[in-house]
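First comes the structure, then the notes that go with it.
So you know, we letter chains A, B, ... as the sequences are listed, proteins then strands, and number each from 1. Just so you know, these numbers come straight off a predicted model, no measurement behind them.
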Amino acid sequence: MSGFGAPHCGALRAGDSGRSVELYGWVGRRRDHGGLTFVDLRDRWGTVQVVFNPELAPAAHAAAAALRAEFVIKVTGEVRLRPEGMRNPQLATGEVEVAAERLQVLSESLTPPFQLEDATSADTDEKTRLSYRYLDLRRPEMLRILELRHRVNKIIHTHMDENEFIEVETPILSKTSPSGARDFLVPSRLHRGQVYALPQAPQVQKQLLMVAGVQRYYQIARCFRDENLRADRQPEFTQLDIEMSFGDEEDVFSLVEGLFVRLWRETIGVELPLPFPRLNIRDALLRYGTDKPDLRYELEIAELGPVLVETEAKVFRNALDTGGVVRGLAVPGGSDLSRRELDELAVIARGAGGQGLAWLPGGPLDKFLTAAEIAGIQQATGAAEGDLVLIAADRRRRAETVMGLVRSEVARRRDLIRRDEWRFLWINPTYLFDEDDEGRLTYAHHPFVRPVAEDLEFVEERPYDVRAHAYDIVCNGYELGGGSLRIYDPAMQERVFKLLGMPESTIRERFGYLLEAFNYGVPPHGGIAWGVDRVVMMLAGTENIRDVIAFPKTQSMTDLMMEAPSAPDPELMEELGLRFAPPPGTSRQSGR
RNA sequence: GGUCCCGUGGUGUAGCCUGGCCAAACACGCGGCCCUGUCAAGGCCGAGAACGCCGGUUCGAAUCCGGUCGGGACCGCCA
């Protein structure tokens with residue numbers, strides 16, 4: 001018996017009427033009328049109604065009485081048009097039904113721990129769903145996402161192939177890389193005391209592939225980063241990783257834009273307008289308070305420092321005198337915001353490490369501000385009559401975070417988000433250097449990012465204004481990915497390392513093999529990587545990355561189904577030469 | 001590392017603020033019986049939770065307090 005070639009339950013249509021079919025699937029609902037019994041039979045392609053008629057097939061009808069939810073069955077019968085008035089327009093197969101002649105139970109099921117039929121993800125606690133992921137995935141809603149993800153992968157392969165890119169696989173057992181995230185380590189058995197690292201991204205390998213002459217590389221690559229999780233972050237995730245030789249930003253942009261257009265068109269039937277707009281990173285941080293702005297609503301943040309140079313309002317004075325900033329945002333018609341809502345916004349501000357929020361008119365600061373200052377604030381933020389201005393004063397980075405969070409919260413509360421829009425944009429240009437926690441010069445991306453050549457003229461005087469050939473792609477408030485053109489001139493690379501104050505030995509140790517490779521004829525090259533999981537999230541219309549990954553981890557990085565992580569086999573530990581240190585805080589003294 | 005939310009039958013909720021009327025209510029699901037056109041089928045009957053765990057307050061706690069475990073959202077972190 002093989003049911004592999006059998007017709008799909010969900011694919012039967014009026015045109016199939018009269019056909020004798022063998023169907024395989026899972027039992028959904030059973031409606032037993034004493035005489036007639038109806039069973040919804042479900043497979044990956046959908047659901048069809050099977051009718052058991054005691055007059056037509058008494059044995060099958062009798063057997064159907066024992067059917068329960070999620071039994072796996074085989075039904076033989078005839079497809080026929082449903083009688084007039086008994087069609088079900090809710091169902092793709094609703095024109096027809098299958099008159100069962102024979103029923104075979106292939107496998108029984110316990111009552112599932114949660115309902116699969118007519119249930120959405122929101123109907124069940126995620127903890128339970130993840131513990132029985134195989135049942136959760138069985139729901140049509142989830143199977144559709146798996147199919148969507150497959151289609152996305154397929155379109156990627158087609159698009160990249162048509163542009164003459166080839167997919168090359170790179171190692172999962174790799175080496176600690178120069179990126180900033182914490183590595184997952186894999187101890188080596190043959191080399192005691194040494195470890196492999198799981199790749200955070202195939203960054204170095206793809207550059208080496210350019211040296212190798214591959215010229216156009218891509219990979220749907222699994223990446224691993226041991227950092228704290230978020231609704232859109234998992235410890236292992238998938239990126240479309242791309243690198244090309246002899247191209248510039250424009251080539252990267254048009255390749256990727258073309259791919260996104262195709263993805264949106266071929267999965268959800270949406271035409272994305274081209275080209276994607278570009279936004280300087282500094283404008284993004286100022287106007288939207290984030291490096292991944294959501295442009296589906298307006299609400300722009302304004303710099304208020306200039307109109308407050310002489311202010312005597314203490315919170316503003318303090319911020320400005322200590323090198324901080326004051327930023328404001330006009331909420332259209334916001335004068336109706338209740339005190340309670342303002343307090344809730346202030347909680348969000350404090351949650352981001354901020355002091356709180358000021359507002360006007362009607363706020364506690366009104367009496368400390370001059371009429372001219374108030375007018376200036378209103379003008380800077382574009383506030384009109386009936387608008388409310390929300391203001392944060394803090395260190396620049398924190399004020400940006402606070403205002404960015406406030407901006408998105410206001411948009412959510414006031415329902416300002418145009419949910420049918422897809423606002424892609426490139427964050428470009430960005431800058432080469434950033435400040436680390438100690439106020440020292442550090443790279444904003446990674447040390448191989450190519451600076452804009454003409455900006456190197458003032459690199460000594462104004463290093464922070466040196467632009468980088470680097471870019472991020474953002475959509476609707478999500479950072480989808482980013483990339484850069486790389487340095488291929490050893491002299492320029494040398495110069496950048498020097499500026500960063502990296503000692504020769506560190507450079508050799510960390511990047512030696514890459515620099516060595518660069519001695520043998522490096523093509524100018526650059527690339528990008530973007531997150532497949534996040535793109536599938538957007539296409540699937542979910543805000544939870546776990547929804548688009550078959551077997552995801554919880555926020556505390558556990559797998560509730562497999563119960564991973566777990567304690568290792570002591571023998572294996574011995575072989576690896578590993579031993580766990582006692583938990584922190586445990587010492588001989590305190591351990592009694 | 002930090003802030004916040006949640007944890008009650010198989011599932012989802014109510015009750016918790018304003019302790020006792022709660023060995024806990026409702027819906028779905030589950031079991032049985034009836035029923036030949038339903039499609040969230042219908043009708044009748046029935047089973048099922050001492051309220052995550054530990055401790056405290058109290059004459060008395062699902063309800064208050066502390067801790068802990070688990071899930072989630074966010075800040076830091078994630079070049």
(Q) Less than 4.0 angstrom between a side-chain N/O of A:Thr128 and OP1 or OP2 of B:G71, yes or no? (A) no
Q. Going by modelled atom types, is there a donor-acceptor pair between the base of B:G76 and the side chain of A:Arg230 at under 3.5 Å?
A. yes
Q: Would you indicate, yes or no, if B:G29 has its OP1 or OP2 atom less than 4.0 angstrom from a side-chain nitrogen or oxygen of A:Arg29?
A: yes
Q: State whether the distance check finds a donor on one side and an acceptor on the other, under 3.5 Å, for side chain A:Arg30 versus base B:U38.
A: no
Q) In the structure shown, which nucleotide is the Watson-Crick or G-U wobble counterpart of B:A25, with both distances under 3.5 Å? A) B:U13
Q) Could A:Arg282 and A:Tyr431 be counted as a cation-pi pair, given that NZ or CZ must be under 6.0 Å from the ring centre and within 45° of the axis? A) yes
(Q) Once you measure the plane-to-plane angle for A:Phe38 and A:His33, does it fall in the parallel (<30°), tilted (30-60°) or perpendicular (>60°) bin? (A) perpendicular
Q. Side chain of A:Glu97, base of B:G37: donor and acceptor closer than 3.5 Å?
A. yes
Q. Separation of A:Leu41 atom CG from B:C39 atom P, in whole Å?
A. 19 Å
Q.
Between B:C74 and B:U38, how far apart are the two C1' atoms, rounded to whole Å?
A. 48 Å
Q) Is a side-chain donor-acceptor pair under 3.5 Å present for A:Arg546 with A:Asn544? A) yes
Q. Can you tell me how far C1' of B:A27 sits from CZ of A:Phe114, to the nearest Å?
A. 19 Å
Q.
Counting only side-chain heavy atoms from C-beta out, which of B:G76, B:G37, B:A73 sits nearest to A:Pro83?
A. B:G37
Q) Does a donor on one side chain and an acceptor on the other come within less than 3.5 Å for A:Glu95 and A:Ser17? A) no
**Q.** Stacking of A:His33 on B:G37 base (centres under 5.5 Å, planes under 30°)
**A.** no
Q: Between B:C16 and B:G52, how far apart are the C1' atoms? Round to whole Å, please.
A: 16 Å
Q) In Watson-Crick or G-U wobble terms, both distances under 3.5 Å, what is the partner of B:G37? A) none
Q.
I'd like to know if A:Arg31 reaches the base of B:C35 with its side chain, counting only an N/O donor and acceptor under 3.5 Å.
A. no
